[in-house]
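Working notes, structure below.
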Amino acid sequence: MSFLGGKSYSKWTKLIFCFLFLLPLLYPFLLKPGEQLYSDHLGKFILGESVGRNGFLSGNLALPSKSLDPEGNYCPTECIRIGEELISPFPAALGYVYAVFLPWSGIVGVYVATAILILLSFLFLSLLWDWDPIYLGVLVLASPFLINGYFFPDVGIASFLFLGGSFLFLRSGTSSSWLVFVSSGFICASSAWFRIESIVFPLSFIFFLSIYRFSNIEERRKILGYLIGFLIGVGLLFGIQYILYGHPLGPRFSFNQPTMFLYPWKKWKIYTGLLIANPNRIGFFGYTPGFLIVLFFFVYYIFVKKNPFKRNSVMEISNRDLFVFSGLAAFIVLVISAPNDGIIDFGSRYLHLSLPAFVGMFLILIDSIGEKFRKTAKIVLFTVLFYSVYISFSYTQILAKYGRKTTKLNAIYLEQKPDLVVVQIRTYSQILGKYFFQTPSVWLMKEGHIKNFFSKNKPEQFQKILFVQTKASILESLNDSDPFLKNKYYHSISQALGPDFKRVWSENKEDVLIFSMEREK
């Protein structure tokens, strides 16, 4: 096993490398799949179960509450109405993956399969970087590549497809079959079925290949093949999504587009959340601040060291380095065009496919440092990376803790056995977990929603209703000694249900107030 200088490493180093390589297989034990059914994860489970229930013919959400809310105004998971169907904004392709695994392996099978795909992604990248232990160590321990790929299966599958197609292209010679080049472009384009923003990465790669390599007749054949495969893949995606959803970019674009076309100077809040942090999530550089140094070095390196207009520098750039450059350029494009992910989501998930490029650029940075400052610079850079290692460890712990917390909420649902579950915030439909399809659930955020819903659905048809009210200060400040005393949300419920319903149980938790209303016989 060798590193940048061609040195041999001890058995311990090799064992550590093997541990890093196999770490994805430990994550189903660290973050148990059965405890991850909340928020977006529950929404993807609902989509997958719906695809299966529809016989793989439609992604129309098979919600138990559809008869109570046919218009989908109070959908308990994120949904978009297209014609007569309620469509999830999550990728339909991911729903089909879930639907394949759920009947025979449950949710566990989805996450185990994703973990295996991440392991294969490590294999592709390790082969491309000649089994460099530093490359894999930084990617696994100091970046969110592993945790993102496992925790969000759509991210893991998309990165596997993009890296698999890239590996096929980068490892092929100019004399390889035309089919190899076309296939590599098609596979890279297929990643967009799971993450639509991944389209930017092969486009950026094609751009850099054209600048640096198109003048070479032998390379031109590879580039054209890759481009044709990419266009076929993207054309297929756009065409099918236009037929199904009326828009080539699909339902997720419709869900995010209110903030997609804001002017950049009106997106500072989004940029801050995406790159640094917001009150709910850490951003890209908040997770790995060392990559900010890498980004500044990339700008210097590409315009000074590897200027494409300097004829003598063109032949010195390998296809692998072009892959790195294109990944960082795609990162910049995605940041500028970022939708709402910076405000409500974990920034590195949206920018996930740029992580291998950042790590590759990190190695170029290390290799470019002069001998005089090499030792000091390495100490500084790796010290910064140790902070990211700590974040990776802490983030995994936090997610595991939150997963166990949701499991306890599932237990409350099983104890109460309601006929209807009402949540004030969609996130708290997690109380149903894998039991989501057993009981109708609706999202009634405001007092007016409660009045409107129960005016159309007579309370007498329910024997017991479980309510999950948020305690977020932006909506309502509750009195801890008696959370029902000045609770407008609760009073509107009592008024809508009428005197026949009495509160029979309640639990005042840290972030939610949960209570059951039962009809007197």
Side-chain angles (χ1 to χ4, degrees), residues 1-11 13-25 113-143 145-146 148-150 155-177 179-191 198 201-202 204-205 208-209 213 219 222-223 225-226 229-230 317-328 330 352-367:
M1 187 181 297
S2 63
F3 179 43
L4 295 172
K7 298 178 181 179
S8 296
Y9 283 83
S10 66
K11 290 182 179 179
T13 304
K14 294 178 182 179
L15 286 173
I16 292 172
F17 184 89
C18 291
F19 168 76
L20 295 173
F21 192 76
L22 297 174
L23 190 57
L25 300 182
T114 305
I116 293 172
L117 293 183
I118 296 169
L119 188 153
L120 292 174
S121 297
F122 287 170
L123 175 61
F124 295 147
L125 291 168
S126 295
L127 287 169
L128 287 175
W129 265 270
D130 301 322
W131 299 97
D132 190 330
I134 300 297
Y135 181 90
L136 190 60
V138 173
L139 185 71
V140 176
L141 299 179
S143 91
F145 187 86
L146 171 55
N148 276 357
Y150 173 81
V155 174
I157 298 171
S159 62
F160 166 75
L161 289 170
F162 173 68
L163 293 173
S166 300
F167 173 80
L168 184 62
F169 180 85
L170 293 168
R171 297 287 283 196
S172 62
T174 54
S175 61
S176 297
S177 168
L179 183 61
V180 171
F181 309 140
V182 175
S183 298
S184 62
F186 182 84
I187 294 170
C188 285
S190 299
S191 63
S198 66
F201 289 88
S204 181
F205 189 41
F208 274 83
L209 282 170
R213 294 282 190 230
E219 292 285 345
K222 287 184 65 176
I223 297 169
Y226 184 85
F230 171 76
I317 300 177
S318 67
N319 282 346
R320 187 177 72 181
D321 287 346
L322 291 180
F323 172 78
V324 171
F325 298 165
S326 64
L328 286 158
H352 178 83
L353 289 184
S354 65
L355 289 170
F358 267 94
V359 180
M361 199 70 218
F362 173 79
L363 294 185
I364 294 174
L365 170 59
I366 292 292
D367 198 36

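By convention here, the first residue in the shown sequence is residue 1.
In this structure, L136 and F17 have side chains that are in contact, with non-hydrogen atoms separated by less than 4.5 Å. F124 has its side chain within reach of F160: a pair of non-hydrogen atoms, C-beta onward, lies under 4.5 Å apart. In this structure the side chain of S184 never reaches within 4.5 angstrom of the side chain of F230, judged on heavy atoms. Using a 4.5 Å heavy-atom threshold, the side chains of Y226 and L168 count as separate.
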Yes or no on side-chain contact (heavy atoms from CB on, under 4.5 Å) for S126 and L123, after CA distance, side-chain angles and deciding distance? CA-CA 5 Å; S126 295; L123 175 61; 5.6 Å; no
Set out, in order, the CA-CA distance, both residues' side-chain angles and the distance that settles side-chain contact (heavy atoms from CB on, under 4.5 Å) for L125 and W129, then state yes or no. CA-CA 6 Å; L125 291 168; W129 265 270; 4.0 Å; yes
For side-chain contact (heavy atoms from CB on, under 4.5 Å), just list the numbers for N319 and E219, CA-CA rounded to whole Å, side-chain angles, deciding distance to a tenth of an Å, and then say yes or no. CA-CA 10 Å; N319 282 346; E219 292 285 345; 3.9 Å; yes
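Using modelled atom types and a 3.5 Å distance limit, the side chains of S204 and S326 yield no donor-acceptor pair.
The CG atom of L146 sits 11.5 Å away from atom CG of L355, with the distance rounded to the nearest 0.5 Å. Interatomic distance, L127 CG to D132 CG, rounded to the nearest 0.5 Å: 12.5 Å. Interatomic distance, CD1 of I223 versus CZ of F205, reported as 8.5 Å (0.5 Å rounding). F122 contributes atom CZ, which lies 8.5 Å from atom CZ of F21 (distance to the nearest 0.5 angstrom). Between L363 atom CG and I134 atom CD1 the span is 8.0 Å, to the nearest 0.5 Å. L353 CG to L163 CG: the interatomic distance, rounded to the nearest 0.5 Å, is 7.0 Å.
R171 contributes no side-chain N or O that, together with a main-chain N or O of L128, makes up a donor-acceptor pair within less than 3.5 Å. Under the 3.5 Å distance criterion, the side-chain polar atoms of S176 are left unmatched by any main-chain donor or acceptor of S172. Y135 places a side-chain N or O within 3.5 Å of a backbone atom of P356 that can act as its donor or acceptor partner.
Remark: of the listed residues S354, C188, S166, S354 is the sole one forming a side chain to side chain contact (heavy atoms under 4.5 Å, CB included) with F201. With F358 as the partner, the side chain to side chain contact (heavy atoms under 4.5 Å, CB included) test is satisfied by one option alone out of V324, L139, L328: L328.
When all heavy atoms of H352 and G149 are compared, the closest pair comes out as CE1-N, 4.0 Å. Here the closest heavy-atom approach between residue S191 and residue A158 is recorded as CB-O, 3.2 Å. Heavy atoms only, all atoms of each residue included: P202 and F162 are closest at CD-CE1, 3.7 Å.
Ring-plane geometry between F169 and F181 is classed as perpendicular, the angle between the planes exceeding 60 degrees on a 0 to 90 degree scale with a lower cut at 30.
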